[in-house]
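Below: one structure, written as structure tokens.
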Amino acid sequence: MIFAKIDFINLLPFHIYIKKNIQSSQLKSIIEYKKSYPSYINNKFKKRKVDSAFISSIASRNEKYLDFGIVAKNEVLSVLLIPGKQETDFQSQTSNALAKVLDLKGKVIIGDKALKFYHENPNILKIDLAKQWQDKYNLPFVFAVLCFNKNQTKLKSITKKFNKKHIKIPQYILEQYSKRSGVSKKNILNYLTKIDYNLGIKEKRALKLFLKLTKEKGLK
């Protein structure tokens, strides 16, 4: 099974879980090898170059997925819009579309670089897009869902025992991610408290609404 990995901090607990619980060294090497940013992975998945991946919500339309994804209940800190001239982030289709759905204009930045920007620029006006969505629709925002082309049973068996609360992130891994991203270990841990992974009733309602709104605006 070829599993693509979004190489951002928001999936760090899941990747640690995979490393600890997947015994196949071949699968581990594939997970590590097939990694990139969301829009690139979306493209690979659509072309069936990978079997499963966390796919941006806007690209998940008509795809098969588990009740598992990347969710923000309120503010997320890593999907920001700086008001002003409109500028998209090439790494994320969903965040660019979210800004348009919310009728906000400015520069969209996502991922680890956005988290770094948030902490390094406290005095610059920035809008947290997940918080704006929550304020407007009283729903969490689903940034990505775990989609699959095949191997549904295997994927379910991998994810069913995952519980974010039981994942302890080793200090050396925190150190690696901190050095790579420029975000302190303390801020990484705080950020991860804002991320959830289970798709329940509210999350599915939010995803359905987002896909409806993007369709109405002709976004894809």
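Note that the numbering runs from 1 along the sequence shown for the chain. Nothing here was measured: the structure is a model prediction, and the numbers come from that model. Both backbone and side-chain heavy atoms feed into the values below; hydrogens, waters and symmetry mates do not.
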message: Checking Lys185 now: which residues fulfil salt bridge (charged side-chain N to carboxylate O under 4.0 Å, His left out) with it, not counting sequence neighbours?
response: Glu175
- prompt: Which residues satisfy the side-chain hydrogen bond (donor to acceptor under 3.5 Å, both in side chains) test with Thr214, sequence neighbours excluded?
  reply: Arg61
Donor-acceptor pairs are to be reported for all side-chain atoms of residues 64-71 against protein atoms at under 3.5 Å, with residues two or more places apart or in another chain.
from, atom 1, to, atom 2, distance (Å)
Asp67, OD1, Lys204, NZ, 3.0
Asp67, OD2, Lys204, NZ, 3.2

task: With sequence neighbours excluded, tell me which residues meet side-chain hydrogen bond (donor to acceptor under 3.5 Å, both in side chains) with Ser78.
output: Tyr191
message: Checking Leu189 now: which residues fulfil side-chain contact (heavy atoms from CB on, under 4.5 Å) with it, not counting sequence neighbours?
response: Ile169, Leu174
field: Residues forming a salt bridge (charged side-chain N to carboxylate O under 4.0 Å, His left out) with Glu87, sequence neighbours excluded
entry: none
message: Suppose the criterion is ring pair (Phe, Tyr, Trp, His ring centres under 6.0 Å): which pairs have a residue in residues 69-89, not counting sequence neighbours?
response: none
query: How would you list, by chain and number, every residue that makes a side-chain hydrogen bond (donor to acceptor under 3.5 Å, both in side chains) with Asn190, sequence neighbours excluded?
result: none
- prompt: Mind checking whether Trp133 and Tyr137 have parallel, tilted or perpendicular rings, split at 30° and 60°?
  reply: tilted
query: Who passes salt bridge (charged side-chain N to carboxylate O under 4.0 Å, His left out) against Lys156, sequence neighbours left out?
result: none
field: Those residues that, when tested against Phe117, pass side-chain contact (heavy atoms from CB on, under 4.5 Å) (two or more places apart)
entry: Leu80, Ile82, Ile109, Asn121, Ile124, Lys126
- request: With sequence neighbours excluded, give me every salt bridge (Lys or Arg N to Asp or Glu O under 4.0 Å) pair touching residues 102-113.
  value: Asp89-Lys113, Asp103-Lys217, Asp112-Arg180
field: Contacts of Arg205 that satisfy side-chain hydrogen bond (donor to acceptor under 3.5 Å, both in side chains) - sequence neighbours left out
entry: none
